[in-house]
Amino acid sequence: MAALLLELPPPPFLNCNHHQFLSKTSLRLHNFPSKTPPPPPPLAFTPPTTSCFLSTVTSSSISKEEKEKEPHSTAVASTNAPDEGSQQDRRKVVQIAWEKLVRWSRSWRSKNNKTDLLERTNKVVVLGGGSFGTAMAAHVAYRKSSLEVQMLLRDPLLCQSINENHCNCKYFPEHKLPDNVIATTDAKAALLDADFCLHAVPVQFSSSFLEGIAEYVDPGLPFISLSKGLELNTLRMMSQIIPQALGNPYQPFVLLSGPSFALELMNKLPTAMVVASKDKKLAHATQQLLASSHLRISTSSIWPMERLDWINCWFYWFIFLKVERMRVLVRVQFVTSDYSRDVTGVEIAGALKNVLAIAAGIVEGMNLGNNSMAALVAQGCSEIRWLATKIWVVSPVLILTISSPLLFLKMGAKPSTITGLSGTGDIMLTCFVNLSRNRTVGVRLGSGEKLDDILSSMNQVAEGVSTAGAVIALAQKYNVKMPVLTAVARIIDNELTPKKAVLELMSLPQVEEV
C-alpha cells in the first residue's frame, strides 16, 4: 500500500544550508514493503494541516486537475514560510558581521591614527617624470596642500609644461597637477632638505642617474623605490642598485609595489599596494605618508621570529659532515631580517611579472583562447615562485684546504609574498588588462610585428623587454628551469617565433605539477 510523505526541509538550527533543500523540496511517493503494517484508514486518522503526513486517498476520489495542482500548492505553502524566515536570518547574520567589521575598523583607526609624520613632512622629491612618477607626485601633493613636491627631471621642456600649465603634457595631457607640484632640472635644489625621495627612474637607467646626483643626497634620506625590474648586465635589483650607486650601503630604502596603473591613480580610483623594508619603522612611516582614502598601503608580512630579541643578528650553524672520508665544514647563515620583511620577494615578483605579461600578450595576439591564457599565467606564476624561493649551494668548505665558506645562496622570498599584492595581484593586473605596456608589447609580437618597430612607436618603457634576459641569467645561476619566461626571452632576442615557441612549450614532457 502506498502513502504520500511530504518531506519538509530540516529547520535552520539543524542545517545551515537548509536553503539548498528548500528549492528542491517536493512531494515524493514512498512504497513501503509488504510486511510493513498499513497506515490507518482515512476515516480513523485525520491529520492537521501542519502535519508531515497526508491521509491516504484513492485515485478515484481526486480529479486529474486536483492531482496536478494540490501537490504543487502544498509544497509551495510548506516551503515559503521557512524560506522567508531563513532569508531574514541570513541577512541578520551578514548585518552583524558587517557591523563587527566596522567597529573593528573604527577602533583600530582611533588607536593607530597617526598624522604626526605627514604634519612633520615638508618636502618630498620625485626622481623621474614618467607616468607613474607623475601619478605618485600628484598623489603625495594632494595629501597635504602645504607639502612641497619637487620632480627632478632631465627634460627642460617637460619642466616648463609642468610649472606653467600644471600638466604633464607627455603622459597626462588631460589631468591637472596640484599647484604644489614643482618640476626642476637642478638636482641640488630638488634634494635640499627633502624628507623623502620617490625613485621612479627606469631600472636600466637608475645606476647612471643616481651616480650623477649622489653628491647631493643626504645619507639619511629615505628612498622609496617605484621601479620594477632587474639590471640587465649585473642582475641587480633596486635594493642593491640604489645604495651602491649612491656609495652608501646604509641608505634608508623602501620598496613600493603592487597592482597599480598610473592612469587609475591619477583618476583616484581605489588601489592597494604594499611596502617592504628591512627597517620596520621606515615601512610604517611610508605607509603613513602614502595611505589615503583611495590608496591602501600594506606592509610586507612579518614572521613571528621578529618578536625574538635576536632578530637582527647573524646566526652561524657549524655542521661537520663526512664526505668521502673527509670532514666538511658547512656554515649556514641566517639573516632573519631578510625573511621578516620580504624586500626580495616584492622585488622579484615585480620584475618577473613584466616578462610574464609579455607572454600573456603574445597569447592574446595569437588568439589562442582563454584556456591557453589561464594555463600560461598559472605556469608563469609557478616559475616565479620556483626562482623566488629557490635555495642552492655554491661551494663546500674543506677544512684541509681552508677555502671560502659554504654559502646557501637564496632569493629569500616567502611564498606568501608571491601570492600577495606584489605577486599574484600585480600579475593579474599586468597580464589581463590592456593598459599594461608589457602586455601591449606581447600582443603586437603575437600579431606579427617586429620588436624594433614596437619599441620605436612607444613613448614609455616596457621593463619586461630588458628584464627577460636578466631573468634567464638569474634562473641559470640558481639552476631553475623556466620554460615560459625563457621562451619570451628567445622571442625578444629574435631566436624564436611566437608560433614555434607555442609548439615547443606544448611538446614539453608531461610532468607532475609542482
Side-chain angles (χ1 to χ4, degrees), residues 128 130-135 168-174 200 202-205 227-230 232 259-266 349-381 383-384 425-472 482-506:
S131 59
F132 203 77
T134 303
N168 189 327
C169 57
K170 186 175 182 180
Y171 298 107
F172 299 110
E174 299 179 358
V203 174
Q204 308 306 324
F205 309 103
S227 307
K228 302 175 183 178
L230 300 173
L232 184 58
S260 51
F261 283 140
L263 178 61
E264 296 187 0
L265 275 176
M266 289 292 288
L352 271 63
K353 60 92 182 177
N354 290 326
V355 185
L356 181 57
I358 295 177
I362 291 174
V363 170
E364 181 70 21
M366 296 179 66
N367 295 317
L368 297 181
N370 297 321
N371 290 350
S372 58
M373 177 68 76
L376 175 124
V377 174
Q379 172 66 23
C381 290
E383 294 180 10
I384 293 174
D426 216 352
I427 288 170
M428 292 172 63
L429 186 75
T430 314
C431 290
F432 299 134
V433 181
N434 292 329
L435 288 174
S436 169
R437 290 167 286 181
N438 294 283
R439 184 181 187 275
T440 300
V441 171
V443 170
R444 296 175 66 177
L445 283 172
S447 302
E449 295 187 48
K450 300 294 183 182
L451 180 62
D452 293 338
D453 297 335
I454 297 172
L455 297 180
S456 62
S457 65
M458 298 178 65
N459 64 348
Q460 291 178 298
V461 177
E463 287 282 5
V465 175
S466 54
T467 303
V471 168
I472 304 311
M482 308 176 75
V484 168
L485 301 188
T486 303
V488 174
R490 294 188 66 194
I491 292 173
I492 290 175
D493 292 338
N494 201 26
E495 296 178 355
L496 198 66
T497 64
K499 185 176 180 180
K500 181 67 174 177
V502 172
L503 294 176
E504 290 190 5
L505 288 174
M506 291 302 294

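For the ring-ring contact (aromatic ring centres under 6.0 Å, His included) test, no residue two or more places apart in sequence or in another chain qualifies with Phe261. The side-chain hydrogen bond (donor to acceptor under 3.5 Å, both in side chains) search around Ser466 returns Gln204, not counting sequence neighbours. In terms of the side-chain hydrogen bond (donor to acceptor under 3.5 Å, both in side chains) criterion, residue partners of Glu383 (sequence neighbours excluded) are, by chain and number, Gln379. Residues passing the salt bridge (charged side-chain N to carboxylate O under 4.0 Å, His left out) test with Arg444, sequence neighbours excluded: Glu449. Glu174 meets the side-chain contact (heavy atoms from CB on, under 4.5 Å) test with no other residue; sequence neighbours excluded. By the side-chain contact (heavy atoms from CB on, under 4.5 Å) test, Thr497 is found to be paired with Lys499, Lys500, residues two or more places apart in sequence or in another chain being considered. Not a single side-chain hydrogen bond (donor to acceptor under 3.5 Å, both in side chains) links Thr486 to another residue, sequence neighbours left out. When the side-chain contact (heavy atoms from CB on, under 4.5 Å) test is applied to Ala468, the partners found at least two apart in sequence or on another chain are Val355, Ala489, Ile492. Remark: Glu364 pairs with Arg439 by the salt bridge (charged side-chain N to carboxylate O under 4.0 Å, His left out) rule, at least two apart or across chains. In this structure Thr134 satisfies the side-chain hydrogen bond (donor to acceptor under 3.5 Å, both in side chains) test together with Asn168, sequence neighbours excluded. Checked against side-chain contact (heavy atoms from CB on, under 4.5 Å), Ala487 has the following partners two or more places apart in sequence or in another chain: Ala501, Leu505.
Here the side chains of Leu451 and Ile491 are not in contact, with every heavy-atom distance at 4.5 Å or above. Two residues are said to be in side-chain contact when any heavy atoms from C-beta on lie closer than 4.5 Å; Val484 and Leu376 meet this criterion. Counting heavy atoms from C-beta on, the side chains of Leu429 and Leu435 never come closer than 4.5 Å.
Taking both residues in full, the closest heavy atoms of Ala200 and Gly133 are given as CB-CA, 3.6 Å, listed atom of the first, atom of the second, then distance. For Gly229 against Ala351, the heavy-atom pair with the smallest separation is CA-CB, 3.5 Å. Of all heavy-atom pairs between Ser227 and Pro202, the closest is OG-N, 4.4 Å. In terms of heavy atoms, Ile362 sits closest to Pro498 at CG2-CB, 3.8 Å. In terms of heavy atoms, Ala359 sits closest to Val488 at CB-CG2, 3.5 Å. Nearest approach of Phe172 to Ser131, heavy atoms of both residues: CE1-O, 3.3 Å.
One finds the OG atom of Ser447 at 7.5 Å from the CG atom of Asn367 (value rounded to the nearest 0.5 Å). Between the NZ atom of Lys170 and the CG atom of Asn459 there is a distance of 6.0 Å, given to the nearest 0.5 Å. Separating the OG atom in Ser456 from the NZ atom in Lys450 is a distance of 13.5 Å, to the nearest 0.5 Å. In this structure, the separation between CG on Asn354 and CG on Leu485 is 11.0 Å, given to the nearest 0.5 Å. The distance from atom OH of Tyr171 to atom CE of Met266, rounded to the nearest 0.5 Å, is 13.0 Å.
Environment of CG in Asp453: crowded, with over 12 heavy atoms of neighbouring residues, nucleotides or ligands closer than 6.0 Å. Within a 6.0 Å sphere centred on CE of Met458, other residues, nucleotides and ligands contribute more than 12 heavy atoms. For CZ of Phe205, the number of neighbouring non-hydrogen atoms (other residues, nucleotides, ligands) closer than 6.0 Å is 12 at most.
Here the side chain of Asn438 pairs a donor or acceptor atom with the backbone of Gly464 at under 3.5 angstrom. Judged purely by atom type and a 3.5 angstrom limit, Ser372 uses its side chain to pair as donor or acceptor with the backbone of Gly369. For Thr430 (side chain) and Ile427 (main-chain N/O), no donor-acceptor pair under 3.5 Å exists by modelled atom type.
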Between Ile454 and Thr440, is the side-chain contact (heavy atoms from CB on, under 4.5 Å) condition met? List the steps. CA-CA 9 Å; Ile454 297 172; Thr440 300; over 6 Å; no
Show the numbers, then the answer: is there a side-chain contact (heavy atoms from CB on, under 4.5 Å) between Leu230 and Val203? CA-CA 7 Å; Leu230 300 173; Val203 174; 5.8 Å; no
